[in-house]
Amino acid sequence: MTAYQSPEPIIEFTDLRRSFVVRQKAGRLRRTKKVVHAVDGISVRIRAGEACGYIGANGAGKSTTIKMITGILVPTSGSVRTCGLDPVPQRRTLAREIGVVFGQRSQVWWDLPLRDSFRILAAIHRLDPAVARDRTDQLIAGLGIADQLDTPVRQLSLGERMRGEVAAALVHGPRLLVLDEP
């Protein structure tokens, strides 16, 4: 077992389900309700230090599952533990333990240079300035984004922006990094 692994899973969910009620037109004035099962009874156990890919067709429930393990969505049924926490009621505590990149949502500020986004995120996470500086310097070097630091995010290429997003998700040194279509 490496230093990053522990017997406790970093993510564990059992019989996880999430259903949505979708309203559909049934004529001019009537609507019907249909239940859509986005996630239907899946169970997973992932230990710290492991990398896991989650693949499936569009609409298969991948993003819905990620939203449940991060506390954004409440499961219809089943149990979820992320970093030893119950994601929904302990969402604020969990936010300090995880970094998340959603391909369709940005955590860097569109009109600001990457450098400023990193500073803001470090302040939001209440990082000591010296720790934040060291951590940011490591991420900049490791992800090869030194040349983009003073460029407003809106002017970056998609690849440059995604590397900036990954760095932003790691600024606070999370135990878990979750990537949803970065």
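Residue indices begin at 1 and follow the sequence shown.
Using a 4.5 Å cut-off between side-chain heavy atoms of Ile, Leu, Val, Met, Phe, Trp and Tyr, with links allowed through other members, Val39 and Val74 fall into different hydrophobic clusters. Put simply, Val153 and Ile120 are part of two different groups of oily side chains (I, L, V, M, F, W, Y) that touch within less than 4.5 Å, one to the next. In the hydrophobic clustering of ILVMFWY residues, with side-chain heavy atoms under 4.5 Å counting as a link, Val44 and Val100 come out together. Ile124 and Ile72 fall into different hydrophobic clusters, defined by Ile, Leu, Val, Met, Phe, Trp and Tyr side-chain heavy atoms under 4.5 Å apart, directly or through other members. By the criterion of side-chain heavy atoms lying less than 4.5 angstrom apart, applied directly or through intervening Ile, Leu, Val, Met, Phe, Trp or Tyr residues, Ile145 is not grouped with Leu112; the two fall into different hydrophobic clusters.
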Problem - side-chain hydrogen bond (donor to acceptor under 3.5 Å, both in side chains) between Asp180 and Ser63, intermediate numbers included - result: CA-CA 7 Å; Asp180 185 19; Ser63 294; 2.8 Å; yes
Handout entry: side-chain contact (heavy atoms from CB on, under 4.5 Å) evaluation trace for Phe118 with Asp137
Key = CA-CA 10 Å; Phe118 298 153; Asp137 288 348; over 6 Å; no
Problem - Stepwise side-chain contact (heavy atoms from CB on, under 4.5 Å) check, Arg30 with Thr32 - result: CA-CA 7 Å; Arg30 282 190 39 209; Thr32 61; 4.0 Å; yes
Problem - Residues Met68, Leu16; criterion side-chain contact (heavy atoms from CB on, under 4.5 Å); working and verdict - result: CA-CA 9 Å; Met68 288 188 288; Leu16 190 62; 3.6 Å; yes
Practice task
Check the pair Phe13, Ile69 against side-chain contact (heavy atoms from CB on, under 4.5 Å), reporting the backbone distance first and the verdict last.
Solution key: CA-CA 8 Å; Phe13 46 92; Ile69 67 172; 3.7 Å; yes
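By the 4.5 Å heavy-atom criterion applied to side chains, Cys83 and Leu94 are counted as neighbours. Using a 4.5 Å heavy-atom threshold, the side chains of Ile46 and Pro9 count as separate. Within the 4.5 Å cutoff, no side-chain heavy atoms of Arg115 are placed close to those of Thr136. Contact annotation: the side chain of Leu73 approaches that of Arg18 to within less than 4.5 Å [non-hydrogen atoms, C-beta and beyond]. Side-chain contact between Thr65 and Tyr54 is present, with at least one heavy-atom pair separated by less than 4.5 Å. Within the 4.5 Å cutoff, no side-chain heavy atoms of Asp111 are placed close to those of Pro152.
Looking at Asp86 and Arg81, no side-chain N of the basic residue comes within less than 4.0 Å of a carboxylate O on the acidic one, giving no salt bridge. The residues Asp15 and Arg17 are annotated as salt-bridged, a charged nitrogen and a carboxylate oxygen being separated by less than 4.0 angstrom. Note on Glu50 versus Arg47: salt bridge recorded, some NZ/NE/NH1/NH2 to OD/OE distance being below 4.0 Å. Glu97 has a carboxylate O that lies under 4.0 Å from a charged side-chain N of Arg175, or vice versa, which qualifies the two as a salt bridge.
Put simply, OG1 on Thr93 and CD1 on Ile98 are 11.0 Å apart, with the number rounded to the nearest 0.5 Å. Between atom CG of residue Leu158 and atom CZ of residue Arg163 there is a gap of 10.0 Å, rounded to the nearest 0.5 Å. Here CG of Leu177 is found 5.0 Å from CG of Leu170. Values are rounded to the nearest 0.5 Å. Phe102 CZ to Gln107 CD: the interatomic distance, rounded to the nearest 0.5 Å, is 9.5 Å. The distance from atom CG of Leu143 to atom CD of Gln148, rounded to the nearest 0.5 Å, is 10.5 Å. Atom-to-atom distance recorded for Arg161:CZ and Trp110:CH2 is 4.5 Å, nearest 0.5 angstrom.
In terms of modelled atom types and a separation under 3.5 Å, the side chain of Thr76 and the main chain of Ser19 share a donor-acceptor contact. Lys62 places a side-chain N or O within 3.5 Å of a backbone atom of Ala57 that can act as its donor or acceptor partner.
No option in Leu149, Val108, Val171 other than Val108 meets the side chain to side chain contact (heavy atoms under 4.5 Å, CB included) test with Ser117.
Of all non-hydrogen atoms in Val101 and Glu165, the two that sit nearest each other are CG2-O, 3.7 Å. When all heavy atoms of Gly164 and Leu114 are compared, the closest pair comes out as CA-CD2, 3.9 Å. For the residue pair Gly99 and Pro174, the shortest heavy atom distance occurs at N-CB, 3.4 Å. Nearest heavy-atom pair, Arg126 versus Arg96, reported as atom, atom and distance to 0.1 Å: NH1-NH2, 2.9 Å. Closest approach of Ala95 and His172 over heavy atoms only: O-NE2, 3.6 Å. Leu156 and Glu160 make their closest contact through CA-OE1, 3.5 Å (heavy atoms, listed as atom of the first residue, atom of the second, distance).
No more than 12 heavy-atom neighbours from other residues, nucleotides or ligands sit within 6.0 angstrom of CZ on Arg105.
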